[in-house]
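Below is one structure, written out as structure tokens; the observations come after it.
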Amino acid sequence: MLKYSLRRLLHSLVTLFMVLTLVFLLMRLLPVEGYYGERADKLTPAQKEAILRKMGLLDPWYVQLRNFYLQLLRGDLGVSVIYRANVPVKEILAAKIPYSVAFGLGALVLSLVAGLAMGIHMAQNKGLFWDKFWTWYVVFINAVPGAVYLLFIQLYGTSITGLPMLFDRYNVRSWILPLVSMSLSGIAANAMWLRRFMVDELNKDYIRLARAKGMSSRAIMVKHVLRNAFVPLANYLPASILFTISGSIYVESLYSIPGMGGLLVTAISRQDNPLVQALVLIYSSLGILGLFLGDVLMAILDPRIRLEKQGGAR
Amino acid sequence: MMTAKEKEVIQAIEEQELFTFAQYDPEAAERTGYSDYSYWRSTIRVFLRNKTAVFLLILMTSLVAFTFIQPYLPGQKDPIKIHIDPNTGLQLRNHPPDKEFWFGTNSIGQDLWARLWSGTRTSLLIAIIVGIWEIVFGTFVGAIWGYVRPLEAFLTEAYNVISNIPTTIILMLIAYILRPSFQTMIIAMCATGWLGMARFVRNQIVIIRDREYNLASRCLGTPTGRIIVKNLLPYLVSVMVMRVALSIPGTIGWEVFLTYIGLGLPLNIPSLGNLLNEGRRVMMAPALRYQLFFPAVVLSVITVSFYVLGNAFADASDPRNHF
Amino acid sequence: MSEPILSARDVVIKFSLRGQTLTAVRGASLDLYEGESVAIVGESGSGKSVFTKSWIGMLDANGWVDSGSILFEGKDLAKFKTEEEWLTIRGKKIAMVFQDPMTALNPLRTIGSQIQETLELHQGLRGQEAKRRTIEILAQVGISEPEMRYRQYPHEFSGGMRQRVVIAIAIACNPRILICDEPTTSLDVTIQAQILELIRKLQKELKVTLVYITHDLGVVANVADRVAVMYAGEIIEYGTVEEIFYDPRHPYTWALLSSLPQLGIKGQPLYSIRGTPPNLFNEIRGDPFAPRNPQALKIDFVKSPPFFQVSPTHYAKTWLLDPRAPKVEPPEIVKAMRAKYERYAV
């Protein structure tokens, strides 16, 4: 189990290295305007070149790549040029991350609790009314872009309930709508996957044996189906962070939450290259971390993986 | 009239006849377990049984047909023409829906009805181009991935790297690097969409290579080409249909998202994303919300319909559902 | 003979499939007597599994018992509808062992917990007592080091060992009837013999009534007292093992025996039955085996034969036993078998 996790960790690090390099290469393609700061129009070509030279962007690519990794190892993410000129990116992020983490975790818990309840309810009523009812919810959320329904939630969620339209960290009520908005797609995804995994388990041979044993459907659901369906779900859960990023970017900017997602939108629209680069690095690393955690979680839950390297009879 | 006696005699003769040997026909013996199963017939039958899907199929076929013939219908307006109020000589801004402007005008006096269909056309066009690219390039990469063994490890690693970066981020980066335009939008979405298809094709090829029924088929001397045509192609074709159907809501969703963060199509090209964004800007005034509603409703109907159609077709094309 | 403990009469089982109705069992009847061992033999698709599954309410969701009765302990199982009713029978009175032991156990739970579950369910044992009993049963089905094995997971067991565990689960609450549905088909030949021997041994020890389903006539002689041959959803011949092997009467039984490699005559090609069993979606007229039977009579295509008595324990459903029928000689292999038997018997 430990050995498996270490091997998996090593693989993740290799992937991380490749992803970072790829991101670095893409970053060299960024429009150079994004490095000049506010006065881009007034700069002479010589001044522009001086700025690029100072940032090391005119060095040969291998020198740039080396510097890029040296900076990363030192934990240096560069300096913002427009968003807050000459302020280290790290400092900007330090103020933003707590909000994103708070909302991210809150939405994760909410989508887990509601999504699993919905998924179980669907699997138990497979093919019946409630299954179809919740399936329509899942279909709607999966098909319609978040930009559409989240907008209407903001519009009518505030006018009907009187909840605030903009985020205010000291007002608990202003947390409700963004949290719910962020969870909607997670709830749909969790419900859909859990239902699918449970239905998969239901079709397996060991369920037939459990039935032949004389167990009631309810007991089979709890003791066999649900328990086994949790393994693939646990594998997929952390990786689901990947899919909720666009939702969180959207919700943060809709409600003016001072988090990383809103920051990314601002950084792109204002062409602040160092800031974009730092955020892309963080989001990409999050994706890899999610997949890694998913595999480790599955190894903990599934004895076939857990015992793989301990000489079990196979 | 036959007497009872005669009847008995005839019956006895018939019975005797019945207890003679019948003609044995080996052909008939082979036919005893004949099954008239046909993959496509079953797929279509299962699909047609899904009433919602059939309804949506008809709805979408007519809607797509309508978007393409709409500009040629009489009395249609130009989607980018700015209408002038004859009384004031100013732009006919935010004119509410009436007989002349069916869906009203937007904040600079353009006809929303015309813009809506023009935008739907643009968005569907992008979605279809991306969808076709997805299956063509995806199948191509998947085939190489599965067949060319020396490249297998490399492609697997490349897949891992790309699929580890959130799609959102890749799309944003490409759109940011290339500057917003119609081509950018298509390139950005083509860059990520093929991944799923490639992996699917690769898995299918590995199955073709290693599954026992295909191994058995090969041992019996079936050429690889025939195995591919008989065992892979029917399923692959249905997956392609499903992918194109599902890529439509996906592509429209990304278009809307990119537009929202300012990386969408230029404003002079109407698209569902642009229309929605225009509507969003005026949504705080209840009287102008029609500018948000119309695009939102059309967009939701299209995305939900294609999503349901894709899934219904996926279910129908799965042989496990063919009973 | 005494009263049967289970009596299935004219059972018809239908499935709805691809919008059509398939009749998998077409009026099968069978009596089971206390402590005996009956083998049901037939090709795949003959309905032998489906027939027995209906005794514990384990038909797939699209299948149902259309008519007939299954009397057991004074109740008609064919009338059972709810899960509550079946829970009084399933696993408790009638237990079943399935074909593929590799997938029959929950891969994520220990062997011990999966056996113990049955004990807790039907015998109300709890905690240490249940555990102790589980270990006893593990030992009883021939698993060495049961204490250690108790804590292991299915993937740590070989196929044969897993089948022992499945059997352990089936016998855990002393059922009156044990149905083994092709329990050795997916196992290695050497393991097959061990499992057969185990089933035989347990049947003697527990005095359970055994129903052994197989497509392999070769194993039948080792395990059964009586044999019922099934074809196209009907039982077409039944009798004691000796009667079926040495004095078979139905052309299908002849064909089955002739195609046994063990009985083949050296230098002659092995017999094989042409064609496949009939498509059960279609209505079958007359004797379902007729189209594949080179010696079929004209009446076989018109009218279904009744059961003709051969001996008090031996019945066959073929027009060949009708006094009006022409005399048909059984194939060489069957005659050779009979001759061999008569030599030893006399």
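The chains referred to below are lettered A, B, ... by the order of the sequence lines, with proteins before strands, and numbering in each begins at 1. What's counted below: heavy atoms across the whole structure, side chains too, no hydrogens, waters or symmetry copies.
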(request) Taking atom NZ of Lys201(C) as the centre, report whether more than 12 heavy atoms of other residues, nucleotides or ligands fall under 6.0 Å from it. (result)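 Counting neighbours around NZ of Lys201(C), more than 12 heavy atoms of other residues, nucleotides or ligands fall under 6.0 Å, so yes.
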(message) I'd like to know whether CZ of Arg151(C) has more than 12 heavy-atom contacts from other residues, nucleotides or ligands below 6.0 angstrom.
(response)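 Open: at most 12 neighbouring heavy atoms sit under 6.0 Å from CZ of Arg151(C).
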(request) For chain A, find its close neighbours in residues 80-93 of chain C: heavy-atom separation under 4.5 Å, sorted by number, or none. (result)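 Those residues of residues 80-93 of chain C which have a heavy atom under 4.5 Å from chain A are Glu83(C), Leu87(C), Arg90(C), Gly91(C).
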(message) For a quick test of reading the model, state the closest non-hydrogen atom pair linking Pro303(A) to Pro107(C) and the distance between them.
(response)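 Of all heavy-atom pairs spanning Pro303(A) and Pro107(C), the closest is CG-O, 3.7 Å.
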(message) With a strict 4.5 Å heavy-atom criterion, list every residue of residues 189-215 of chain A that contacts chain C, or say none.
(response)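 Only Asp205(A), Tyr206(A), Arg208(A), Leu209(A), Arg211(A), Ala212(A), Lys213(A), Gly214(A), Met215(A) of residues 189-215 of chain A have a heavy atom under 4.5 Å from chain C.
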(request) Against chain A, work out which of Thr103(C), Val166(C), Asn106(C) has the most heavy-atom pairs shorter than 4.5 Å and name it. (result)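 Winner by heavy-atom pair count: Asn106(C).
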(request) Select, from Met58(C), Met102(C), Met96(C), the one with the greatest count of heavy-atom pairs under 4.5 Å involving chain A. (result)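 Max contact count across the listed options: Met58(C).
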(request) Please tell me if the side chains of Leu121(C) and Ser216(A) come closer than 4.5 Å, counting only heavy atoms from C-beta onward. (result)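 They are not in side-chain contact.
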(request) Pick one of side chain, backbone, both or neither for Leu108(C), based on which atoms fall under 4.5 Å of a heavy atom in chain A. (result)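 Answer is both: backbone and side chain atoms of Leu108(C) are under 4.5 Å from chain A.
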(request) Under 4.5 Å heavy-atom distance to chain A, tell me which part of Ile169(C) shows up: side chain, backbone, both or neither. (result)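 The answer is the side chain of Ile169(C).
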